[in-house]
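Just below is one structure, and these are the notes that go with it.
Chain identifiers are assigned alphabetically (A, B, ...) following the order of the sequence lines, protein sequences preceding nucleic acid strands; residue numbering begins at 1 within each chain. What you see below is based on every heavy atom in this structure, not just the backbone, and it leaves out hydrogens, waters and symmetry mates. Since this is a predicted model, take the numbers as computed values, not measurements.
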Amino acid sequence: MTVGGRYGGIDIGASASKAVIIDGARKIVAAEVRRTSVSFETSAREVMDAALAAAGLRLEEVGRLVATGYGRHNVDFAHATRTEIACHARAAHFYHPRRITVVDIGGQDNKIIHVNAQGRRESFKMNRKCAAGTGAFLEEVAQRMDVPLERIDGLARRAEHTVQMGSYCTVFTKTEILAHMRAGEKVPEIVAGLVESVVKRILEMDPLAREVVLTGGVVAHIPILAEMLAARVRHPVHVVPDAQFAGAFGAALMAAEME
Amino acid sequence: MSDRPKQTFKKIHASGRMKEIMEAHFRELDEAARTKKQKVAWCTSVGPAELLKGMGFQVFFPENHGAMLGATRMATDLIPLANAIGYSPDICSYLTSDIGSYLKGESPISRAYPGIDGPPRPDVLVFNTNQCRDVQDWFNFYGREFNVPVIGIQTHRGVGEITRAHVDSISAQLKAMVPKLEEIAGTKLDMDAFKRVVGLSRQCTDLWKEVLEIASHKPSPLTFFDGTIQMGPAVILRGEERAVDYYRLLLAELKQRVEAGVAAVDGEKFRIYWEGMPIWGKLRDLSTQFADLQACVLASTYCSSWVFPALDPDAPFDSMARAYLELFIVRDEDYKEAYFARQISRYGIDGMIFHDAKTCPNNSNNRYGMVERISEGHDLPTLVLHGDLNDLRCYSEEQARTNIEAYIEQLAEKKGL
């Protein structure tokens with residue numbers, strides 16, 4: 001890795017595509033996000049072009065570039081691919097270089113990654129095929145309630161209590177919300193219940209028996225989720241800076257380390 | 001990643017012979033059912049096949065048909081037909097795909113062997129619940145459809161140490177079947193013929209075990225995916241000379257591979273154990289992905305489930321009872337963990353994949369804390385793949401691919417590669 005070098009990470013996720021460019025000191029010089037379109041190739045080009053423009057660089061000036069995310073194999077200008085599990089673990093350990101549990105709440109899946117003090121992955125788990133408890137779940141259910149995603153955090157913070165959601169399933173949860181509304185529950189309390197149901201899904205996946213580091217787009221948009229999780233576990237809970245870009249940042253770190 | 005060798009598919013030449021004997025088997029079954037010259041018994045995969053063959057029945061294995069439905073991906077279209085008549089999507093997808101196949105009148109047997117309409121009509125259905133309770137309900141469906149007797153053995157489950165009482169109870173159930181089977185067959189049990197079949201089954205199982213254990217060589221000349229195909233004769237032709245002859249042929253070829261240093265996966269870097277059912281409709285995809293990652297999935301509980309070292313022609317009833325009680329699937333968690341530890345050591349395993357098959361709880365051994373006990377107690381990285389044996393609606397292609405890729409990355413980190 002050279003001090004003056006530039007390294008790229010691109011994360012083509014199920015919902016959003018992210019590109020990050022870092023310098024030799026591992027400082028982020030550009031970070032861009034776009035909604036992932038039906039073409040992973042186009043999404044990759046667009047988000048990378050935006051990041052390059054923000055950094056005032058041409059693609060050739062980026063020494064190494066690593067692609068991650070569901071669309072990682074569709075990024076033809078990447079030098080290498082790594083899974084998002086590797087990249088989120090790398091980013092989380094960069095900010096918290098010790099034995100941690102990384103929890104990435106993404107658009108369509110949740111990942112729990114156990115990382116040792118040296119940053120090596122010990123094990124990982126992903127949610128089952130069902131997307132309940134992920135970003136897609138919140139997005140769909142919020143849409144049912146006419147609540148834009150960016151208002152979820154604010155509404156949840158206004159809640160005087162939390163409505164308990166009993167269902168695993170996104171579709172059934174939508175029906176359950178109707179029942180709560182009929183029973184007179186208000187939107188903030190229901191929204192708080194939805195966020196808490198994501199927390200519960202995480203706690204079902206792992207006992208979180210060490211320090212927790214959260215990454216991913218959901219916690220970036222809904223910081224109260226980290227607070228709700230912290231209230232339920234015995235160990236400190238951290239959120240990485242620019243959590244939505246953690247995958248792309250981890251990929252960029254790996255790109256830098258390849259040299 | 002670019003320095004990975006391009007994988008070449010290595011054909012097992014003996015397979016040509018396997019295809020011949022399997023086809024002969026299905027044609028014999030078809031002829032027996034059509035001409036009524038020989039009685040046909042349907043039998044569960046680890047049911048009392050030796051007794052049935054010893055009594056002169058032609059034996060058909062619906063679970064083998066289920067696997068064919070999965071491997072040909074016919075299952076996914078057929079399962080909903082069984083769901084629609086009340087067989088839940090949550091129960092065994094061999095059962096639902098097989099019943100769907102019956103309802104629609106479509107079978108991979110007729111596609112593979114022109115001239116055969118499908119499974120042969122049974123004269124009797126014989127189960128052993130050692131696989132699960134579903135086999136009994138499965139056979140009862142056909143018992144009602146064909147108006148033929150359904151008889152079976154109720155197994156013990158969660159067995160730790162196998163006691164005399166366990167063996168006696170299964171042995172007694174086997175013996176109690178004989179009068180009914182004699183009535184259907186129209187002949188008396190010939191103990192010499194029965195003993196001969198048990199002896200051949202033992203020879204078959206010993207050779208099959210040797211075939212599987214050849215994968216302990218480094219690099220392994222055989223993959224789990226090969227094993228799922230090569231196990232056919234051990235399941236459906238056990239107790240017959242041709243199965244014994246086949247495994248002699250296969251073993252000789254595999255020994256040659258070992259001598260010549262031929263690896264099933266070029267540049268083998270990771271040795272993986274597969275626990276649970278195969279994902280029949282994804283065997284090719286998975287085999288290719290693992291090979292591309294230089295990971296050889298080389299051993300499994302599943303393929304080893306037709307290894308019956310207890311079979312003894314001098315004590316056919318007792319030894320069959322013991323053989324079918326020693327099965328992994330009916331044992332307790334302590335036995336299973338110790339079994340895994342032996343397999344991990346025998347095959348020099350780097351990692352273990354648990355397939356959580358949605359519709360097969362009995363063959364999904366990740367559900368009672370085993371994954372954690374193996375990864376922590378035996379310092380072995382593990383991965384749980386969610387899927388199913390036949391119902392591909394329960395399988396997420398991209399999630400599975402990413403899980404596998406990330407898992408191999410993790411193994412590479414552990415090995416410092």
Measure Glu122(A) against the heavy atoms of chain B and call it side chain, backbone, both or neither at under 4.5 Å.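 The backbone, not the side chain.
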Structural part of Leu385(B) lying under 4.5 Å from a heavy atom of chain A: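 For Leu385(B), neither part sits under 4.5 Å from chain A.
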In this structure, are over 12 heavy atoms from other groups packed under 6.0 Å from [X] atom [atom1]?
X	atom1	result
Gln143(A)	CD	no
Arg401(B)	CZ	no
Arg234(A)	CZ	no
Arg35(A)	CZ	no
Arg346(B)	CZ	yes
Arg157(B)	CZ	yes

Pick from Ala400(B), Ala406(B), Pro381(B) with the largest number of heavy-atom pairs that fall under 4.5 Å of chain A: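 Of the candidates given, the most pairs with chain A belong to Ala406(B).
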Just wondering, do Tyr407(B) and Ile85(A) contact through their side chains at under 4.5 Å, heavy atoms?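 Side chain of Ile85(A) against side chain of Tyr407(B), heavy atoms only: no contact under 4.5 Å found.
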Close side-chain approach of Thr81(A) and Glu405(B), heavy atoms under 4.5 Å: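 Yes; the side chains approach each other to less than 4.5 Å.
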What parts of residues 67-76 of chain A touch chain B if we use heavy atoms and a cut-off under 4.5 Å?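 Under the 4.5 Å heavy-atom cut-off, Tyr70(A), Arg72(A), His73(A) qualify.
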Contact residues of residues 348-380 of chain B (partner chain A; heavy-atom separation under 4.5 angstrom):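 Heavy-atom contacts from residues 348-380 of chain B to chain A are Asp356(B), Glu372(B).
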Is the backbone N or O of Arg121(A) less than 3.5 Å from a side-chain atom of Glu413(B), with the two atoms forming a donor-acceptor pair by type?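 The answer is yes, because a donor-acceptor pair under 3.5 Å joins these two groups.
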Quick one: CD on Gln410(B) to OG1 on Thr83(A), what's the gap to the nearest 0.5 Å?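 These two atoms lie 9.5 Å from each other.
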